[in-house]
Amino acid sequence: MSDINELISGITIAELERDPHPFYERLRAEAPVAFVPALGMYIVSTRELCLEISRAAEGWPAVISAAGGRTFGPGALLSANGDAHRKLRGMVEPHLQPSAVDRYVDDLVRPFARKLIAGFENDGAAEIISAYCEPVSVRALGDLLGLDDVSHDTLRDWFHKLSVSFTNAAVDDTGEFANPDGFIPGDEAKAQIIAHVDPKIDRWIEHPDRSAISHWLHDGMPEGQTRSREEIYPNLYVFLLGAMQEPGHAMGTTLAGLFSRPDQLERVIDDPTLIPRAAAEGMRWVAPIWSAVVKVAEQEVTVGGVTIPAGSPVMLSYGSANRDENAYDAPTAFDLDRPVIPNLTFGGGMHACAGTYFATSVVRIALEELLEVLPNIERDTSREVSFWGWGFRGPTELHTTWEV
Ligand code: 261
């Protein structure tokens, strides 16, 4: 077996994107807090330490990775703390509260899901990620935000470009970005987003409507004032990346997990009330936001036996925490029946995901609709399931077949 320090100093982001699991398995066992040169950051890989740091009341303010900051610009709620963070949470939370979500989510998701399924159900086969998971995911949030005039292909293109930029994390030995051109896609997406949304904001300022962006502009503002675009855009990018992409990842991952356990798939099809359990396990198995959350050590601090200098960014590897052998039996297996142990799919502490209930509902409804119409769906075993991603992870292609 290779020496852990050699492994750490030689690892590349590209390798992690293909499959982060073997590397993180070694980290959890041998170096749960490790400085990774390719990243210019410490990685924390165990569940216990990720929980401890994400929940810490003080000492570990949120920051954004250098590549994330380069992609979103300053002002995203991911890196806000204290009052500024509370205000931004207050801006996004009204549409995401369970009581609000339950009022709108069926109408938001079911008709579009049914329309897509009707379009391919007689084909007997589909690459289900691009035919279904991604369009359902982006259409739901797009309509909620007020971007119902943006096609799902465009929304998909935006999240993809923002995603590759956000995770363009590699640095050279001087700490500079190793692939500066990797930010070009994100810059292109942002230019398109601004060109499209700016005129809509002009309209929403004069004519508020029920869309989330309209509310972001107006809610809690003094009479006659609206939130500035400088506050809106970085947070809109957060949504146009994570909230657009991850429900689709979660759907695809859950299906891939069920295909790995045909007996469990059959039980879920016979009893759709098991869908939330399947999705929760799918999201544990491969956390959609696998490694994208960063905190900073406010003071010099010793964690997991490693002393971290004040000001060091520390990446919390939630996808690794979810496969921690000390918490889960056979963590690499998808298992509908495993005991529920709180996992880090939706993070923890003050920055725990604000969209947990929304995302979970979208995923549940999408799977309910799909499995109801196609109870005989199975994986096309002549094709590989290709998972990809380190910052964000899910199947890129999942070929399925069914009898018509
Ligand atoms: C909606 C959550 O979005 C994100 C979370 C973590 C990193 C980047 C994101 O866009």
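Computed from a predicted model, the values in this text were never measured in an experiment. We're numbering straight along the sequence, starting at 1. In each ligand, atom 1 is the first atom listed, and ligand 1 is the first ligand listed.
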Visitor: Should one rank L240, L141, V238 by closest heavy-atom distance to atom 9 (C) of ligand 1, which comes out on top?
Guide: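 Heavy atom nearest to atom 9 (C) of ligand 1 belongs to V238.
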Visitor: Distance under 4.0 Å to a non-hydrogen atom of I289: what atoms of ligand 1 satisfy this?
Guide: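 Those qualifying, in numeric order: 5 (C).
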Visitor: Just heavy atoms, cut-off under 4.0 Å: does L78 contact ligand 1 by side chain, backbone, both, or neither?
Guide: side chain
Visitor: Mind checking whether Y104 and R210 have side chains closer than 4.5 Å, heavy atoms only?
Guide: no
Visitor: Taking N or O atoms only and a 3.5 Å limit, does G242 qualify as a polar contact for ligand 1?
Guide: yes
Visitor: Does F166 come within less than 4.0 Å of ligand 1, judged by its heavy atoms?
Guide: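 Judged by the 4.0 Å heavy-atom criterion, F166 does count as contacting ligand 1.
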Visitor: What do we get for F72 next to ligand 1 when only non-hydrogen atoms under 4.0 Å count, side chain, backbone, both or neither?
Guide: side chain
Visitor: For W216 together with F239, are the ring centres under 6.0 Å from each other?
Guide: yes
Visitor: Does atom CD of Q192 have more than 12 heavy-atom neighbours, drawn from other residues, nucleotides or ligands, at distances under 6.0 Å?
Guide: yes
Visitor: Taking the six-membered ring for Trp, are the ring centroids of W290 and F387 within less than 6.0 Å of each other?
Guide: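 No.
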Visitor: So do the side chains of W390 and I13 get within less than 4.5 Å of each other, counting heavy atoms only?
Guide: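 When only atoms from C-beta onward are counted, I13 and W390 do touch, with a gap below 4.5 Å.
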Visitor: One residue to check: F392. Relative to ligand 1, which of side chain, backbone, both or neither has a non-hydrogen atom less than 4.0 Å away?
Guide: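 Side chain only; the backbone of F392 stays clear of ligand 1.
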Visitor: Tell me if the CG atom of D329 is crowded by more than 12 foreign heavy atoms within 6.0 Å.
Guide: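 Not more than 12 within 6.0 Å, no.
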Visitor: Can you list the atoms of ligand 1 that are under 4.0 Å from a heavy atom of A243?
Guide: 1 (C)
